[in-house]
Amino acid sequence: MLLRTLLIPTLCAAATLAACDDAVRISSTRSAVTEASGVLKVVKTLQCPQTIGALTRKGSASAGGTVCSYVGPRGAEVSLHLVPLDGDTPSDALKTFEQQLSSDMPRAMATIGAAAVEADATGAPADTTGPAEDSGGVAAGAAAAGDRTSVRAPGLAIETTGEDASVHLPGVRIDTRGDKASVRIGSFHIDADDSEGSARVSGAGSNGDDVVINARDDATEIRASAGGEATRTSWILTDNRSSESGWRVVGYEARGPVGGPLVVATVRSRDGDRERALEDARALVTLNAGE
């Protein structure tokens with residue numbers, strides 16, 4: 001009941017309807033990218049403690065102090081890299097890591113790729129209502145043709161036809177068409193398709209922070225970056241199904257000042273609960289590059 005899930009909280013908040021008995025919960029989690037809080041360090045040699053969190057270092061730093069390898073619970077693997085840019089852009093340097101990691105989970109990457117292609121091809125549900133009109137009052141149910149209902153109030157426009165609906169408020173737009181739904185709240189976008197089991201979430205903050213989440217079936221891709229010229233980026237690919245290699249989570253955390261070098265921690269985990277390995281990898285990056 002996608003329509004009910006989307007509309008009830010919005011109508012309760014915006015129109016103060018008396019019969020709203022659905023519980024609404026708003027929660028937040030720590031961002032994959034730590035909020036920028038200082039100048040990042042120019043690193044010449046990695047700091048690789050013997051243990052950090054649940055990770056234990058394997059051997060000594062190699063490649064002249066530019067690579068350290070760790071093992072974690074249930075066979076998790078974390079590698080810490082010092083990456084000079086040498087004229088490359090940070091995105092070019094990180095693309096290599098992303099390609100290497102995604103090759104360990106080809107089925108998940110293929111699923112996410114197909115979802116992205118379909119999302120770009122279909123786009124969001126069409127806006128059929130136009131902007132909310134300031135009528136100076138409320139007109140409810142005036143356009144009731146069959147299952148069609150129209151509500152207009154200052155700053156509010158609601159149109160429903162059967163299970164399809166559009167709700168427009170200042171800075172907020174919700175459109176549902178059958179199994180498809182589109183939600184716009186400022187620069188935050190959600191596009192979902194129940195029939196495909198897919199969802200795309202994207203948003204950009206005023207300070208340049210950016211988050212994109214693509215999900216389909218059992219696979220999810222999360223990409224996040226902080227605003228500013230320095231690099232503070234993370235990328236995560238997960239799959240509830242084990243890959244042929246056994247990995248269920250791969251990703252990286254990267255930070256570095258303008259011009260580099262970058263400190264990059266890559267993560268591979270067979271445990272669907274990815275938080276421990278990712279948090280410890282993030283701690284390694286913070287130890288070397290700063291917040």
Side-chain angles (χ1 to χ4, degrees), residues 30-105 221-226 228-238 243 245-271 273-291:
R30 188 172 182 270
S31 170
V33 176
T34 303
E35 182 180 356
S37 59
V39 177
L40 296 178
K41 305 173 188 176
V42 177
V43 179
K44 295 183 179 179
T45 303
L46 290 174
Q47 299 182 59
C48 301
Q50 179 63 36
T51 61
I52 186 166
L55 300 178
T56 301
R57 194 185 70 224
K58 296 168 55 179
S60 303
S62 58
T66 61
V67 180
C68 298
S69 298
Y70 288 81
V71 294
R74 302 186 185 181
E77 296 181 1
V78 174
S79 294
L80 188 66
H81 303 261
L82 183 60
V83 184
L85 293 179
D86 293 332
D88 289 339
T89 65
S91 60
D92 287 339
L94 293 174
K95 190 180 296 293
T96 300
F97 288 98
E98 189 172 320
Q99 290 171 344
Q100 292 172 347
L101 292 165
S102 60
S103 67
D104 291 330
M105 294 174 56
E221 180 188 43
I222 304 170
R223 190 184 304 276
S225 61
E229 294 183 348
T231 299
R232 292 178 172 89
T233 302
S234 68
W235 174 82
I236 302 167
L237 179 66
T238 73
S243 62
S245 60
W247 303 121
R248 295 176 64 183
V249 179
V250 298
Y252 66 73
E253 174 89 9
R255 292 182 204 161
V258 178
L262 304 181
V263 176
V264 182
T266 63
V267 178
R268 293 176 173 87
S269 175
R270 295 181 173 90
D271 188 355
D273 182 8
R274 63 182 184 265
E275 291 304 320
R276 176 177 292 183
L278 290 170
E279 285 293 335
D280 291 343
R282 191 173 296 125
L284 275 172
V285 174
T286 300
L287 173 66
N288 281 270
E291 292 284 353

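The minimum heavy-atom distance between Leu284 and Pro49, with the atom names listed, is CD2-CD, 4.0 Å. The shortest heavy-atom contact between Gln99 and Ser102 is O-OG, 3.2 Å. Taking all atoms of both residues into account, the shortest heavy-atom contact from Val264 to Ala254 is CG2-CB, 3.9 Å. Across Val267 and Ala281, no two heavy atoms sit closer than the pair CG2-CB, 3.5 Å. Val285 and Ala265 make their closest contact through CG2-CB, 3.5 Å (heavy atoms, listed as atom of the first residue, atom of the second, distance). The minimum heavy-atom distance between Val263 and Leu80, with the atom names listed, is CG1-CD1, 3.7 Å.
A donor and an acceptor atom, one from each side chain of Thr231 and Thr233, are nowhere located under 3.5 Å apart. Between the side chains of Ser79 and Arg268, no donor-acceptor pair is found at a separation under 3.5 Å.
Val42 is listed as a side-chain neighbour of Pro261, based on a closest heavy-atom distance under 4.5 Å. Arg255 is listed as a side-chain neighbour of Glu291, based on a closest heavy-atom distance under 4.5 Å. Trp235 has its side chain within reach of Val250: a pair of non-hydrogen atoms, C-beta onward, lies under 4.5 Å apart. Using a 4.5 Å heavy-atom threshold, the side chains of Val39 and Pro257 count as separate. Residues Phe97 and Val83 are in side-chain contact: their nearest non-hydrogen atoms beyond the backbone lie under 4.5 Å apart. Residues Arg74 and Arg276 have side chains not in contact (no heavy-atom distance under 4.5 Å, counting atoms from C-beta outward). A heavy-atom distance below 4.5 Å is not found between the side chains of Val78 and Thr266. Counting heavy atoms from C-beta outward, Trp247 and Arg270 have side chains that approach closer than 4.5 Å.
Atom CD of Glu229 has 12 or fewer heavy atoms from other residues, nucleotides or ligands within 6.0 Å.
Taking 4.0 Å as the cut-off between side-chain N and carboxylate O, Arg282 and Glu279 count as a salt-bridged pair.
The aromatic ring centroids of His81 and Tyr252 lie 6.0 Å or more from each other.
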